[in-house]
Colleague: 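Below is one structure. I have some questions about it.
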Amino acid sequence: HVQLVESGGGLVQPGGSLRLSCAASGFTFSSYYMSWVRQAPGKEVEWVSSMHSGGGTYYADSVKGRFTISRDNAKNTLYLQLNGLEPEDTGTYYCTKPSDGSSWYADVHKFWGRGTQVTVS
């Protein structure tokens, strides 16, 4: 039973910082590529960042240089450090897990948490 529980969101002023956490359970967390996505009110979902199990990272151009993804495999936790926040970063942030198997890349956001709200104003 896959579970993803996000936390750490809040209300911050422009230029502020937050650290989001995603507590994972129900699967071997250390073996999985993990991602963060976000959704602003009235907008479609936007991919934010991803991290390979081995440590490689990827970022959307909109957040590169400001956000940092990391993971603590011993704690089964994925993190997203948000610095230099802008009003455009407002939205609900979700962590995601891919499907299993050799075609995992066909659906890298198979499982979602319930999200944590980030508001920048």
Colleague: Should the ring pair Phe67 and Tyr93 be called parallel, tilted or perpendicular, given that the plane angle runs from 0 to 90° and is split at 30 and 60?
Modeller: tilted
Colleague: Quick one: does Tyr59's side chain have a donor or acceptor within less than 3.5 Å of a partner on Ile69's backbone?
Modeller: yes
Colleague: At their closest point, which heavy atom of Trp104 faces which heavy atom of Ser99, and how far apart are they?
Modeller: CB-O, 3.1 Å
Colleague: Taking Thr90 for the side chain and Val120 for the main chain, is one N or O donor matched with an acceptor at less than 3.5 Å?
Modeller: yes
Colleague: Check the angle between the aromatic planes of Tyr33 and Tyr58 and answer parallel, tilted or perpendicular using the 30° and 60° thresholds.
Modeller: tilted
Colleague: Taking the side chain from Arg71 and the backbone from Phe29, do they hold a donor-acceptor pair closer than 3.5 Å?
Modeller: yes
Colleague: Taking Thr116 for its side chain and Gly9 for its backbone only, find out whether a donor-acceptor pair lies under 3.5 Å.
Modeller: yes
Colleague: Over 60° means perpendicular and under 30° means parallel, so classify the ring planes of Phe27 and Tyr32, tilted if in between.
Modeller: perpendicular
Colleague: Is it the case that the side chain of Gln39 and the backbone of Glu46 share a donor-acceptor pair, with hydrogens and angles ignored and the cut-off at 3.5 Å?
Modeller: no
Colleague: For Lys75, is there any backbone N or O sitting under 3.5 Å from a side-chain donor or acceptor partner on Thr77?
Modeller: yes
Colleague: Before we go on, tell me: are the rings of Tyr94 and Trp36 under 6.0 Å apart, centre to centre?
Modeller: no
Colleague: To the closest 0.5 Å, what do you measure between CD (Glu88) and CZ (Arg38)?
Modeller: 9.0 Å
Colleague: Report the C-alpha distance between Asp89 and Arg66 in whole Å, list the side-chain angles of each, state the deciding distance to 0.1 Å, and finish with yes or no for salt bridge (charged side-chain N to carboxylate O under 4.0 Å, His left out).
Modeller: CA-CA 11 Å; Asp89 296 317; Arg66 300 187 298 118; 2.7 Å; yes
Colleague: What do the steps show when you test Ser17 against Asn83 for side chain to side chain donor-acceptor pair (under 3.5 Å), and what is the final call?
Modeller: CA-CA 4 Å; Ser17 298; Asn83 295 329; 2.9 Å; yes
